[in-house]
J.: 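Sharing a structure, written as structure tokens. Questions coming.
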Number of protein chains: 4
Amino acid sequence: MAKNKKQDILKAAANLFSSQGYNNSTTLQIAKEARVTEPLLYYHFQGKEEIFTTIIQEAFQEYVRQIHSLPGNTKTEFEKIASLIRLHMHIGETDSPDFKLIMSNCPSKLVSKKHACRDIQQKQQEIVSSYIRDCLEAGNAKGEFEAQPVDHMTLILLSLINEFLYMKIMSKKQFQPDEQSVMEFCKRSLLPS
Amino acid sequence: MAKNKKQDILKAAANLFSSQGYNNSTTLQIAKEARVTEPLLYYHFQGKEEIFTTIIQEAFQEYVRQIHSLPGNTKTEFEKIASLIRLHMHIGETDSPDFKLIMSNCPSKLVSKKHACRDIQQKQQEIVSSYIRDCLEAGNAKGEFEAQPVDHMTLILLSLINEFLYMKIMSKKQFQPDEQSVMEFCKRSLLPS
Amino acid sequence: MAKNKKQDILKAAANLFSSQGYNNSTTLQIAKEARVTEPLLYYHFQGKEEIFTTIIQEAFQEYVRQIHSLPGNTKTEFEKIASLIRLHMHIGETDSPDFKLIMSNCPSKLVSKKHACRDIQQKQQEIVSSYIRDCLEAGNAKGEFEAQPVDHMTLILLSLINEFLYMKIMSKKQFQPDEQSVMEFCKRSLLPS
Amino acid sequence: MAKNKKQDILKAAANLFSSQGYNNSTTLQIAKEARVTEPLLYYHFQGKEEIFTTIIQEAFQEYVRQIHSLPGNTKTEFEKIASLIRLHMHIGETDSPDFKLIMSNCPSKLVSKKHACRDIQQKQQEIVSSYIRDCLEAGNAKGEFEAQPVDHMTLILLSLINEFLYMKIMSKKQFQPDEQSVMEFCKRSLLPS
DNA sequence: CATGAATGAGTATTCATTCAT
DNA sequence: AATGAATGAATACTCATTCAT
């Protein structure tokens, strides 16, 4: 009953931040939403900023966990890439809204401060990039893929994944391509015809 | 030199909005940056919101102009798509920072108000989509492209363009694929091998 | 066509002042209502305050004119008092809304400045008082009235007149006694039974 | 001494509102007068308007209390009316300046909003009216008064009371009739000669 | 006469944060 | 662990007034 309040605060804040943005969510709103008084926020956290930081860091850990639990022992490298894409096309469906916060723009107020937010976004891109790169290199080595410059292909696949993720997060359904056709497309681009 | 204070205001505001975000840019900052007093903002505009709206609407007009001035009489449909992609990979390079504002997330404060911001972003996606679709259909008709479902291909190309644009706007250079390899990639995906 | 604008300003201001109060009427509103630009107000008047002063002074002159044109050669003194009461029970019916301004509370902003407003209200009370007193004294002399202390009766009649005026001005119709019964009442109070 | 800052605010505001008017009293002034910072006003109240509303509502409650504590078991009905008049001729003498606020014109800004202010003034008139009417009817029944139409007499007495109150509140001493002569006057009007 | 442009001094209100308990 | 009360520093916006033309 006592420990929960800290979690309540985080949950309330995550909901508000992701639905209204960091700036438009006030500490009072967070407190009310968490059925808690304002000073308690300051008992558990240094301030509004730390609440935000905590949320995205926890969300990022969960994200990393999900990346790491992607199947490692697939027959083809393409399957690995496919599962990576699939993960990003369905992110947040079963989870909290916190993912939105990692991926959306960092609150401008925090950007200038070299805030964790930037770091996390940077790292997220790197994780995805190197995941893709590894697959491509392995696939090339095996002769699975039509040999393409790995760097370029990595960036292009990264772009696609980023955008699918963005559209998912922003709920822009009418512009979200369906999974099947995305897979076909990638297959055509990567595998020898 | 002193006559166009209204323009000075718009310029100052565009700079601030695009670098710090709408919420973090105060009317006082805008006034100072424009070397003008605050009430003048309210003489020329209804308020902060109208300044923002004016900027993105003007920027959108310029964007539409650029789309319309893409070459129409190319030999192949692919060339048209290529020029569309190229436009988005280089947007804002010679122009004002205003483009950033159209494409980035609308200020959360305004989203709820059915603000012009949302409309413009919607329209922008539709313009690009239908441009791509037209090219694809024409190309398919001519037998230029390997026949693929037009709808799916449209959304995938839209995703790519969006992301190139986003990376350009956010100046995420290290994740921006280079133009040449993007073109190669698209060619492989669209043209018969 | 040219001279009128000054009058237009006064008219517009009088309307606004009497309907919304002095403080809540802005110079911009006055200018717009008068179909004139703001600086013209300052060409014709020293400022908002002078506009107000002009209005109430003109309205007061008109008021004095009406008092002076009350019938002087009546058979009885009571008739004179009756016509005075009648005047105040119907004030503003055929005239401009300016009367409201003389009689309502002066704008607090101006009170502190020993503004004309106060003077005028003071004078108005004095005019009515001495009109009543004269009638009472004459009536007493003639034996028309039951001899009552003139000072006290004056103040009581003044109170009644003030309140009828106030209710008229504030359009509190449900609390306005009708003319006939007021006359009866006064007759009973003044004339010997 | 420091606990009741909320009361300090109400007191300071009541003083300022009644001496300078609602519009001319700024939240900063109120805060300073109450030896408090501005945001505290907003901690205890929703805003300037709520401060005003609170004041007049409390003052009205006190007014109603005073009306209800007028002697009920007098020998004559006239005595009741006399005590009602007396109450209004001396209002505010021992109490706070808040009474002024109920009776004076509502701030124009608030009138348009169907503010409590209007309601209260309406109710006040109704309370006084029905008090008078009850006395008159009882007095007529007993044969105490010379039978006059009750409705008309009610409105005339209401007018007198209103005006005495107004003059008291506005401190227009030179136009305030003295109590003794008012009573004589009413007696003559109501009682059979 | 007339006005477009411009401003100094406010003005109610908000917000993250802190202090005493 | 928790809170009621309090505040410094903004923050968008307003208004009477003036200046150059």
J.: In whole Å, I'd like the distance from the CG atom of C:L40 to the C1' atom of F:dA20.
T.: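 In whole Å, F:dA20 C1' and C:L40 CG are 17 Å from each other.
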
J.: Does NZ or CZ of A:K48 lie under 6.0 Å from the centre of the six-membered ring of A:Y22, at an angle within 45° of the ring axis?
T.: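 That pair qualifies as a cation-pi contact.
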
J.: Rounded to whole Å, please give me the gap between CD in C:E38 and P in F:dC15.
T.: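 Whole-Å distance recorded here is 10 Å.
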
J.: Does B:Y42 have a side-chain nitrogen or oxygen under 4.0 Å from the phosphate oxygens OP1 or OP2 of F:dC13?
T.: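 Checking F:dC13 against B:Y42, a side-chain N or O does come within under 4.0 Å of OP1 or OP2.
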
J.: Mapping D:L41 and B:T37 onto DNA chain E by nearest heavy atom, which one lands closer to the 5' end?
T.: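 In this pair, the answer is B:T37.
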
J.: Let me spell it out: for each of A:K109 and C:P39, pick the nucleotide of DNA chain F with the closest heavy atom. Which residue's pick is nearer the 5' end?
T.: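 On the 5' side of the pair lies A:K109.
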
J.: Which is more 5' along DNA chain F, the nucleotide nearest D:V36 or the one nearest B:S25? Just name the residue.
T.: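 Comparing both residues, the 5'-ward one is D:V36.
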
J.: Is there a side-chain contact between C:Y43 and the phosphate of E:dA2, meaning an N or O under 4.0 Å from OP1 or OP2?
T.: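 Result: no.
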
J.: When you measure from the centre of the six-membered ring of B:Y166, is the NZ or CZ of B:K172 under 6.0 Å away and within 45° of the axis?
T.: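 No, a cation-pi geometry is absent between B:K172 and B:Y166.
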
J.: Taking OP1 and OP2 of F:dA6, is either one under 4.0 Å from a side-chain nitrogen or oxygen of D:H44?
T.: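 Answer yes for this pair, as a side-chain N or O of D:H44 is under 4.0 Å from OP1 or OP2.
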
J.: In the structure shown, which nucleotide is the Watson-Crick or G-U wobble counterpart of E:dT21, with both distances under 3.5 Å?
T.: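 Matched E:dT21 with F:dA2 under the 3.5 Å cut-off.
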
J.: Between atom NZ in B:K32 and atom C1' in E:dT7, what is the gap in whole Å?
T.: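 To the nearest whole Å, that distance equals 15 Å.
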
J.: What contact category does D:T27 fall into here, base, sugar-phosphate, or nothing, at under 4.0 angstrom with non-hydrogen atoms?
T.: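 The answer is base, as D:T27 lies within the cut-off (heavy atoms under 4.0 Å) of a base atom.
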
J.: Hey, which of these two, D:T26 or A:E49, hits DNA chain E nearer its 5' end, going by closest nucleotide?
T.: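 That would be D:T26.
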
J.: What class does the angle between the rings of A:F52 and A:H115 fall in, given that below 30° is parallel, 30 to 60° is tilted and above 60° is perpendicular?
T.: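 Tilted.
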
J.: Please state how far atom NZ in A:K5 lies from atom C1' in F:dA2, giving the value in whole angstrom units.
T.: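 A:K5 atom NZ is separated from F:dA2 atom C1' by 7 Å.
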
J.: Under 6.0 Å from the six-membered ring centre of B:F17 and within 45° of its axis: does the NZ or CZ of B:K100 meet both?
T.: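 B:K100 over B:F17 ring: no.
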
J.: Rounded off to whole Å, could you give me the CG-to-P distance for the A:N23 and F:dA12 pair?
T.: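 Value for this atom pair: 11 Å.
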
J.: To the nearest Å, how far apart are B:I9 CD1 and E:dA6 P?
T.: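 Going from CD1 in B:I9 over to P in E:dA6 covers 8 Å.
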
J.: So, is the end of the D:K6 side chain (NZ or CZ) under 6.0 Å from the ring centre of D:F45 and within 45° of the ring's axis?
T.: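 Positive - D:K6 is close enough to the ring of D:F45 and near enough to its axis.
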
J.: Using whole Å, report how far CD of C:Q46 lies from C1' of F:dA16.
T.: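 About 14 Å, once rounded to whole Å.
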
J.: Just the rounded figure in Å: distance from P of E:dT18 to NZ of A:K48.
T.: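 About 14 Å, once rounded to whole Å.
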
